[in-house]
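Taking it in order: structure first as structure tokens, then the write-up.
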Number of protein chains: 2
Amino acid sequence: MNNPTRTIISRRSRPAKEPLSKDIIVKTALELLKSEGSSGLSMRKIAKALDTGPSSLYVYVTNHQELSAFVLDAGMESVVLSNEEGVSWEIRLYETLHSYLTVLMEFPGVAGLALNTIPIGPHSLALTEYILERLHEAGIHSTSAAWGLDLLMLYASSVAFEQASRAENGTTLQAISASYRSLNDKQYPMIASLQSELITSDGEERFRWGLEAILQGILQRQSKFGI
Amino acid sequence: MNNPTRTIISRRSRPAKEPLSKDIIVKTALELLKSEGSSGLSMRKIAKALDTGPSSLYVYVTNHQELSAFVLDAGMESVVLSNEEGVSWEIRLYETLHSYLTVLMEFPGVAGLALNTIPIGPHSLALTEYILERLHEAGIHSTSAAWGLDLLMLYASSVAFEQASRAENGTTLQAISASYRSLNDKQYPMIASLQSELITSDGEERFRWGLEAILQGILQRQSKFGI
DNA sequence: ACCTGAACACCGTTCAAGT
DNA sequence: ACCTGAACACCGTTCAAGT
């Protein structure tokens with residue numbers, strides 16, 4: 001098959017422009033999202049990055065919202081489903097959701113999509129399946145498992161969304177603490193007395209705290225009511 | 001001072017246009033949000049509703065984001081802080097957060113703002129103070145109270161946001177259940193087996209379930225670690 | 001079958017000019 | 001001090017026209 005006389009068949013001179021495809025559109029969109037934040041996810045910018053006009057994209061994607069759903073799922077590809085041997089379901093769940101959070105924060109804008117979009121792409125489904133497996137291991141079944149899944153993903157997504165959108169808006173912690181400090185402590189005594197606790201933000205520890213609170217809540221509700 | 005000869009001084013003929021003010025801008029914006037969804041919250045539409053050009057708004061508001069923050073707080077005015085006598089902190093908290101959820105869903109778009117924006121307006125602060133009071137009653141203090149507050153508000157806001165944005169996108173429950181039904185149950189056995197539970201959606205009951213799970217989680221973490 | 005240009009109906013924001 | 005018009009730099013989407 002490998003005829004030596006045809007050695008220099010050379011890469012057949014590629015057309016100046018590679019043809020478009022859903023795949024490279026989604027990939028380009030994801031890169032733009034990473035480099036420019038959620039304003040990078042615009043039909044026009046994606047088109048420009050691909051050296052074409054916005055109308056060209058509509059051959060591969062029916063509208064901006066559908067593209068967003070694809071981008072979300074593509075982003076989910078890099079979530080690591082923790083699968084070490086001999087590690088408790090709880091730790092594996094935490095590690096995985098932490099990875100999910102990290103991915104969402106790496107691509108600002110994807111977090112918004114995660115709340116907007118029904119996660120039915122293959123990578124999202126893999127994550128969903130994984131979480132349900134861990135809950136099953138924990139003895140959480142049926143309605144508790146379904147609603148618990150929802151609660152856990154909602155938690156991680158909204159933490160990421162809150163974080164990302166405040167970062168994009170340039171909301172500094174200082175601005176928040178300044179506004180709390182200026183409060184009338186007669187009118188808002190609880191807020192005033194909890195000032196420093198409200199501002200504290202080791203994100204990592206806080207995220208874990210919330211996750212464990214939710215998990216314990218789910219477990220306890222289940223054992224109490226046997227739902 | 002009241003000279004009878006000047007009786008018919010009459011309401012001095014008002015100018016054809018009432019002067020603008022931050023107040024009526026915010027009120028108009030809130031109405032548009034209610035009637036048109038989150039796309040109603042645009043400088044141009046608000047201006048048109050006030051029969052002026054968009055540039056006029058910038059006298060009273062520095063930009064769209066600041067206006068959004070005002071609108072969010074104005075929306076919070078109608079949250080009912082449950083204050084019946086002899087009712088447990090838990091029920092009062094549930095009722096109040098349910099009212100918060102209802103308000104957020106009545107104004108689609110406000111839910112997004114609640115996640116975007118630091119809630120430092122007077123009505124938001126009143127709600128914050130109220131929740132901290134109830135947590136205090138429940139014996140939840142310090143870091144647990146601060147983080148618990150955050151978790152509860154994040155929960156209600158994100159449930160509303162998810163609901164509202166799916167409503168705006170026209171995502172039907174049927175679409176979701178159809179996509180779950182079409183799944184390969186070898187690849188996603190857990191999802192397949194929990195199909196009906198995943199789709200179930202008595203919003204009310206589900207919201208309450210999540211809220212109680214979170215509260216129990218907070219209470220238990222506190223008693224366990226004494227944070 | 002795919003790509004393009006031009007157009008339509010929108011955005012937020014600025015700024016010189018008017019009263 | 002307030003309001004206006006016009007402009008700038010953006011959006012998503014459509015559609016007739018080209019290859």
Side-chain angles (χ1 to χ4, degrees), chain A residues 12-30 32-33 35-72 108-109 112-113 116-117 165 168-171, chain B residues 12-30 32-33 35-72 108-109 112-113 116-117 165 168-171:
Chain A
R12 53 188 168 351
S13 63
R14 286 196 282 125
K17 257 188 231 183
E18 304 210 22
L20 288 176
S21 70
K22 205 191 83 176
D23 237 63
I24 73 149
I25 290 174
V26 170
K27 234 166 241 169
T28 307
L30 203 51
L32 279 171
L33 209 50
S35 63
E36 300 194 19
S38 58
S39 78
L41 195 64
S42 96
M43 300 303 269
R44 293 180 111 100
K45 279 188 186 161
I46 297 164
K48 189 172 278 177
L50 290 165
D51 197 30
T52 181
S55 45
S56 305
L57 306 180
Y58 288 84
V59 178
Y60 302 97
V61 130
T62 66
N63 56 34
H64 183 249
Q65 202 195 142
E66 194 197 88
L67 174 58
S68 299
F70 290 139
V71 170
L72 168 63
L113 299 179
N116 266 317
T117 316
S165 63
E168 283 197 339
N169 296 349
T171 302
Chain B
R12 53 192 169 343
S13 64
R14 286 196 282 125
K17 256 188 231 184
E18 305 211 21
L20 287 176
S21 70
K22 203 190 86 175
D23 238 62
I24 72 150
I25 290 174
V26 170
K27 234 166 243 169
T28 307
L30 203 51
L32 279 170
L33 208 51
S35 63
E36 300 195 19
S38 59
S39 78
L41 194 66
S42 95
M43 302 302 270
R44 293 180 111 100
K45 280 187 185 160
I46 297 163
K48 189 172 279 176
L50 290 165
D51 197 30
T52 181
S55 46
S56 304
L57 305 180
Y58 288 83
V59 179
Y60 301 97
V61 127
T62 65
N63 56 35
H64 183 249
Q65 202 196 142
E66 193 197 271
L67 174 58
S68 298
F70 290 139
V71 170
L72 169 63
L113 299 179
N116 266 317
T117 316
S165 62
E168 283 197 338
N169 296 348
T171 303

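Applying the salt bridge (charged side-chain N to carboxylate O under 4.0 Å, His left out) test to B:Lys22 and every residue at least two apart in sequence or in another chain returns nothing. For A:Lys45, the salt bridge (charged side-chain N to carboxylate O under 4.0 Å, His left out) partners at least two apart in sequence or on another chain are A:Glu36. In this structure A:Lys48 satisfies the salt bridge (charged side-chain N to carboxylate O under 4.0 Å, His left out) test with no other residue, sequence neighbours excluded. Under the rule for a side-chain contact (heavy atoms from CB on, under 4.5 Å), the partners of A:Ala69 that lie at least two apart in sequence or sit in another chain are A:Thr117.
When all heavy atoms of B:Glu66 and B:Val61 are compared, the closest pair comes out as OE2-CA, 3.8 Å. Here the closest heavy-atom approach between residue B:Ser38 and residue B:Gly109 is recorded as CB-CA, 3.6 Å. A pairwise comparison of heavy atoms in B:Val26 and B:Phe70 identifies CG2-CB, 3.7 Å as the closest pair.
Helical stems in DNA chain C, defined as runs of 3 or more consecutive Watson-Crick or G-U wobble pairs with both donor-acceptor distances under 3.5 Å, are listed by first residue as C:4-8 with D:12-16, C:12-16 with D:4-8.
Separating the NZ atom of A:Lys22 from the P atom of C:dC2 is a distance of 14 Å, rounded to the nearest angstrom. Counting to the nearest Å, the P atom of D:dC10 and the CE atom of B:Met43 are 19 Å from each other. Note: CD (B:Glu36) to C1' (C:dC11) measures 14 Å, nearest angstrom. Computed from coordinates, the B:Leu20 CG to D:dA1 P distance equals 17 Å when rounded to whole Å. Rounded to whole angstrom, the span from the CZ atom of B:Arg44 across to the P atom of D:dC11 amounts to 15 Å. With rounding to whole Å, B:Lys48 atom NZ is found 15 Å from D:dT4 atom P.
Between D:dC15 and A:Ser55, no contact under 4.0 Å exists linking OP1 or OP2 to a side-chain N or O. Side-chain N/O atoms of B:Ser42 include none lying less than 4.0 angstrom from OP1 or OP2 on C:dC10. When the side-chain nitrogen and oxygen atoms of A:Lys45 are compared with OP1 and OP2 of D:dC10, none of them lie within a distance under 4.0 Å.
DNA chain C lies under 4.0 Å from at least one heavy atom of each of the following residues of residues 56-67 of chain A: A:Ser56, A:Tyr60.
Between the CD1 atom in A:Ile24 and the CD1 atom in A:Ile46 there is a gap of 11.0 Å [rounded to 0.5 Å].
Side-chain atoms of A:Tyr60 do not come within 3.5 Å of backbone N or O of A:Ile25 as any donor-acceptor pair.
Separation of the C1' atoms belonging to C:dC15 and D:dC3 is 13 Å when rounded to the nearest angstrom.
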